[in-house]
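Keep in mind it's a predicted model, so treat the numbers as computed, not measured. Below, chain A is the first sequence line, B the second, and so on; all start at residue 1.
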Amino acid sequence: MRATAAEETQSGTLVLLCLASWAIPGAGHLWLGRRAKGLIFLVALPLMFVIGLAIRGRLFPFDLAEPLVALAAVADVGIGLPYLIASALGYGGGEVRAVTYEYGNAFLIVAGLLNLLVMIDAYDVAMGRK
Amino acid sequence: MQSHMVLLVLFAFFVSLVFAVIAKDSAREQARLGGLMFGGFMLVGIVVSWLMYPFPLH
(Lines give C-alpha, C1' and ligand atoms only; values in the text may rest on other atoms or scores of the structure.)
Protein backbone atom coordinates (compact mmCIF):
# COMPACT_ATOMS: atom_id res chain seq x y z
CA MET A 1 0.00 0.00 0.00
CA ARG A 2 1.35 3.44 -0.95
CA ALA A 3 1.66 6.12 1.65
CA THR A 4 -0.74 9.01 1.27
CA ALA A 5 0.53 12.54 0.62
CA ALA A 6 -0.31 13.52 4.20
CA GLU A 7 1.71 10.63 5.59
CA GLU A 8 4.67 11.47 3.34
CA THR A 9 4.51 15.10 4.45
CA GLN A 10 4.40 14.00 8.07
CA SER A 11 7.39 11.67 7.69
CA GLY A 12 9.32 14.42 5.89
CA THR A 13 8.54 16.80 8.73
CA LEU A 14 9.65 14.21 11.26
CA VAL A 15 12.98 13.76 9.47
CA LEU A 16 13.47 17.54 9.45
CA LEU A 17 12.53 17.72 13.12
CA CYS A 18 15.06 15.03 14.04
CA LEU A 19 17.77 16.69 11.93
CA ALA A 20 17.09 20.07 13.55
CA SER A 21 17.05 18.48 16.99
CA TRP A 22 20.40 16.78 16.33
CA ALA A 23 22.04 19.86 14.78
CA ILE A 24 20.92 22.37 17.41
CA PRO A 25 20.31 20.89 20.88
CA GLY A 26 16.76 21.71 21.97
CA ALA A 27 15.61 22.88 18.53
CA GLY A 28 13.16 19.99 18.23
CA HIS A 29 11.45 20.89 21.49
CA LEU A 30 11.36 24.57 20.56
CA TRP A 31 9.80 23.62 17.20
CA LEU A 32 7.12 21.61 19.02
CA GLY A 33 6.32 24.52 21.35
CA ARG A 34 8.04 23.12 24.44
CA ARG A 35 9.98 26.30 25.03
CA ALA A 36 11.20 25.74 28.57
CA LYS A 37 12.60 22.30 27.81
CA GLY A 38 14.09 23.47 24.52
CA LEU A 39 15.83 26.43 26.12
CA ILE A 40 17.29 24.26 28.89
CA PHE A 41 18.72 21.83 26.33
CA LEU A 42 19.91 24.71 24.14
CA VAL A 43 21.98 26.12 27.01
CA ALA A 44 23.00 23.01 28.97
CA LEU A 45 24.24 20.69 26.23
CA PRO A 46 26.46 23.11 24.26
CA LEU A 47 27.81 24.40 27.59
CA MET A 48 28.71 20.87 28.64
CA PHE A 49 30.41 20.36 25.27
CA VAL A 50 32.38 23.61 25.58
CA ILE A 51 33.51 22.68 29.10
CA GLY A 52 34.72 19.34 27.70
CA LEU A 53 36.80 21.19 25.11
CA ALA A 54 38.05 23.74 27.65
CA ILE A 55 39.42 21.05 29.96
CA ARG A 56 41.40 19.47 27.11
CA GLY A 57 39.05 16.69 26.04
CA ARG A 58 39.49 15.12 22.64
CA LEU A 59 37.10 14.83 19.70
CA PHE A 60 37.85 11.28 18.62
CA PRO A 61 38.43 10.39 14.95
CA PHE A 62 36.43 7.73 13.09
CA ASP A 63 39.04 5.04 13.36
CA LEU A 64 37.38 1.72 12.54
CA ALA A 65 40.59 -0.13 13.39
CA GLU A 66 39.84 0.81 17.01
CA PRO A 67 36.15 0.12 17.65
CA LEU A 68 35.98 1.96 20.97
CA VAL A 69 37.50 5.08 19.43
CA ALA A 70 34.97 4.87 16.59
CA LEU A 71 32.12 4.56 19.11
CA ALA A 72 33.44 7.56 21.02
CA ALA A 73 33.53 9.48 17.72
CA VAL A 74 29.87 8.61 17.07
CA ALA A 75 28.99 9.85 20.57
CA ASP A 76 30.96 13.09 19.97
CA VAL A 77 29.08 13.75 16.71
CA GLY A 78 25.79 13.39 18.62
CA ILE A 79 26.01 17.01 19.78
CA GLY A 80 25.49 18.24 16.18
CA LEU A 81 26.59 21.68 14.96
CA PRO A 82 28.83 22.42 17.95
CA TYR A 83 30.91 19.38 16.96
CA LEU A 84 31.18 20.55 13.34
CA ILE A 85 32.10 24.10 14.40
CA ALA A 86 34.69 22.91 16.93
CA SER A 87 36.24 20.55 14.37
CA ALA A 88 36.34 23.24 11.70
CA LEU A 89 38.06 25.64 14.09
CA GLY A 90 40.62 23.04 15.10
CA TYR A 91 39.43 22.50 18.67
CA GLY A 92 39.24 19.09 20.31
CA GLY A 93 42.79 17.95 19.73
CA GLY A 94 42.94 16.77 23.33
CA GLU A 95 45.92 16.95 25.66
CA VAL A 96 46.52 13.45 26.97
CA ARG A 97 48.97 14.69 29.63
CA ALA A 98 46.44 17.08 31.12
CA VAL A 99 44.95 16.02 34.47
CA THR A 100 41.50 16.78 33.12
CA TYR A 101 41.85 14.89 29.82
CA GLU A 102 39.57 11.97 30.78
CA TYR A 103 37.06 14.33 32.38
CA GLY A 104 37.00 16.32 29.16
CA ASN A 105 36.34 13.18 27.15
CA ALA A 106 33.51 12.24 29.52
CA PHE A 107 31.92 15.69 29.11
CA LEU A 108 32.20 15.59 25.30
CA ILE A 109 30.92 12.02 24.91
CA VAL A 110 28.07 12.38 27.39
CA ALA A 111 26.96 15.72 25.89
CA GLY A 112 26.66 14.00 22.50
CA LEU A 113 24.80 11.00 23.88
CA LEU A 114 22.42 13.20 25.87
CA ASN A 115 21.65 15.19 22.73
CA LEU A 116 20.76 11.96 20.93
CA LEU A 117 18.38 11.16 23.81
CA VAL A 118 16.89 14.65 23.49
CA MET A 119 16.39 14.03 19.76
CA ILE A 120 14.56 10.76 20.47
CA ASP A 121 12.43 12.57 23.06
CA ALA A 122 11.48 15.22 20.48
CA TYR A 123 10.53 12.43 18.07
CA ASP A 124 8.32 10.82 20.74
CA VAL A 125 6.65 14.16 21.47
CA ALA A 126 6.00 14.70 17.75
CA MET A 127 4.48 11.22 17.49
CA GLY A 128 2.13 12.01 20.38
CA ARG A 129 3.64 9.42 22.69
CA LYS A 130 4.41 11.96 25.40
CA MET B 1 39.67 24.15 36.38
CA GLN B 2 41.50 21.09 37.65
CA SER B 3 39.52 20.27 40.79
CA HIS B 4 38.07 16.78 40.62
CA MET B 5 35.29 17.86 42.98
CA VAL B 6 34.25 20.83 40.84
CA LEU B 7 34.24 18.67 37.72
CA LEU B 8 32.19 16.00 39.52
CA VAL B 9 29.65 18.62 40.61
CA LEU B 10 29.42 20.09 37.10
CA PHE B 11 29.05 16.69 35.45
CA ALA B 12 26.42 15.55 37.97
CA PHE B 13 24.53 18.83 37.57
CA PHE B 14 24.33 18.74 33.76
CA VAL B 15 23.44 15.05 33.48
CA SER B 16 20.81 15.26 36.25
CA LEU B 17 19.32 18.41 34.71
CA VAL B 18 18.96 16.92 31.22
CA PHE B 19 17.62 13.56 32.43
CA ALA B 20 15.09 15.23 34.74
CA VAL B 21 13.87 17.58 32.01
CA ILE B 22 13.53 14.69 29.54
CA ALA B 23 11.77 12.37 31.97
CA LYS B 24 9.33 14.72 33.73
CA ASP B 25 7.01 17.49 32.59
CA SER B 26 6.17 19.51 35.70
CA ALA B 27 8.81 21.72 37.33
CA ARG B 28 8.15 20.13 40.72
CA GLU B 29 8.74 16.59 39.43
CA GLN B 30 11.80 17.73 37.49
CA ALA B 31 13.28 19.32 40.60
CA ARG B 32 12.61 16.18 42.66
CA LEU B 33 14.07 13.72 40.14
CA GLY B 34 16.98 16.05 39.29
CA GLY B 35 17.79 16.51 42.98
CA LEU B 36 17.69 12.78 43.62
CA MET B 37 19.93 12.05 40.64
CA PHE B 38 22.36 14.80 41.56
CA GLY B 39 22.57 13.54 45.14
CA GLY B 40 23.05 9.99 43.87
CA PHE B 41 25.88 11.03 41.55
CA MET B 42 27.62 12.92 44.35
CA LEU B 43 27.17 10.17 46.91
CA VAL B 44 28.39 7.39 44.62
CA GLY B 45 31.30 9.53 43.37
CA ILE B 46 32.49 10.31 46.89
CA VAL B 47 32.00 6.74 48.18
CA VAL B 48 33.89 5.26 45.21
CA SER B 49 36.70 7.82 45.57
CA TRP B 50 37.14 6.85 49.24
CA LEU B 51 37.13 3.16 48.30
CA MET B 52 39.99 3.91 45.91
CA TYR B 53 41.91 5.94 48.50
CA PRO B 54 44.08 3.05 49.81
CA PHE B 55 45.35 2.19 46.33
CA PRO B 56 48.75 3.62 45.37
CA LEU B 57 48.88 6.32 42.67
CA HIS B 58 51.94 4.83 40.93
Can you find a pair of side-chain heavy atoms, one from [X] and one from [Y], that are under 4.5 Å apart?
X: B/Phe14; Y: A/Val110; result: no
X: A/Phe41; Y: B/Ile22; result: yes
X: A/Met48; Y: B/Val15; result: yes

Could you name each residue pair satisfying salt bridge (charged side-chain N to carboxylate O under 4.0 Å, His left out) that touches residues 34-52 of chain B, not counting sequence neighbours? none
Would a hydrophobic clustering, with Ile, Leu, Val, Met, Phe, Trp and Tyr connected at side-chain separations under 4.5 Å, put [X] with [Y]?
X: A/Leu81; Y: A/Val77; result: yes
X: B/Phe38; Y: B/Leu8; result: yes
X: A/Leu84; Y: A/Leu59; result: yes
X: A/Met127; Y: A/Leu32; result: yes
X: B/Val9; Y: B/Trp50; result: yes

Shortest non-hydrogen pair, A/Phe107 vs B/Phe11, comes out as CZ-N, 3.6 Å
Chain B and chain A: which donor-acceptor pairs fall below 3.5 Å?
residue : atom : partner  : partner atom : Å
B/His4  : ND1  : A/Tyr103 : OH           : 2.6
B/Val21 : O    : A/Lys37  : NZ           : 2.9
B/Ile22 : O    : A/Lys130 : NZ           : 2.9
B/Lys24 : O    : A/Lys37  : NZ           : 3.4
B/Asp25 : OD1  : A/Lys37  : NZ           : 2.8

Given that the side chain runs from C-beta out, which part of B/Phe13 has a heavy atom under 4.5 Å from chain A: side chain, backbone, both or neither? neither
Should we count CZ of B/Phe41 as having more than 12 external heavy atoms under 6.0 Å? yes
Checking A/Val99 against chain B: side chain, backbone, both or neither under 4.5 Å from a heavy atom? side chain
Under 4.5 Å heavy-atom distance to chain B, tell me which part of A/Leu117 shows up: side chain, backbone, both or neither. both
Under 4.5 Å side-chain linkage, directly or through intermediates, the cluster mates of B/Val48: B/Val44, B/Met52, B/Phe55
Hits for side-chain contact (heavy atoms from CB on, under 4.5 Å) against A/Ile40, two or more places apart or cross-chain, chain-then-number order -> B/Leu17, B/Val21
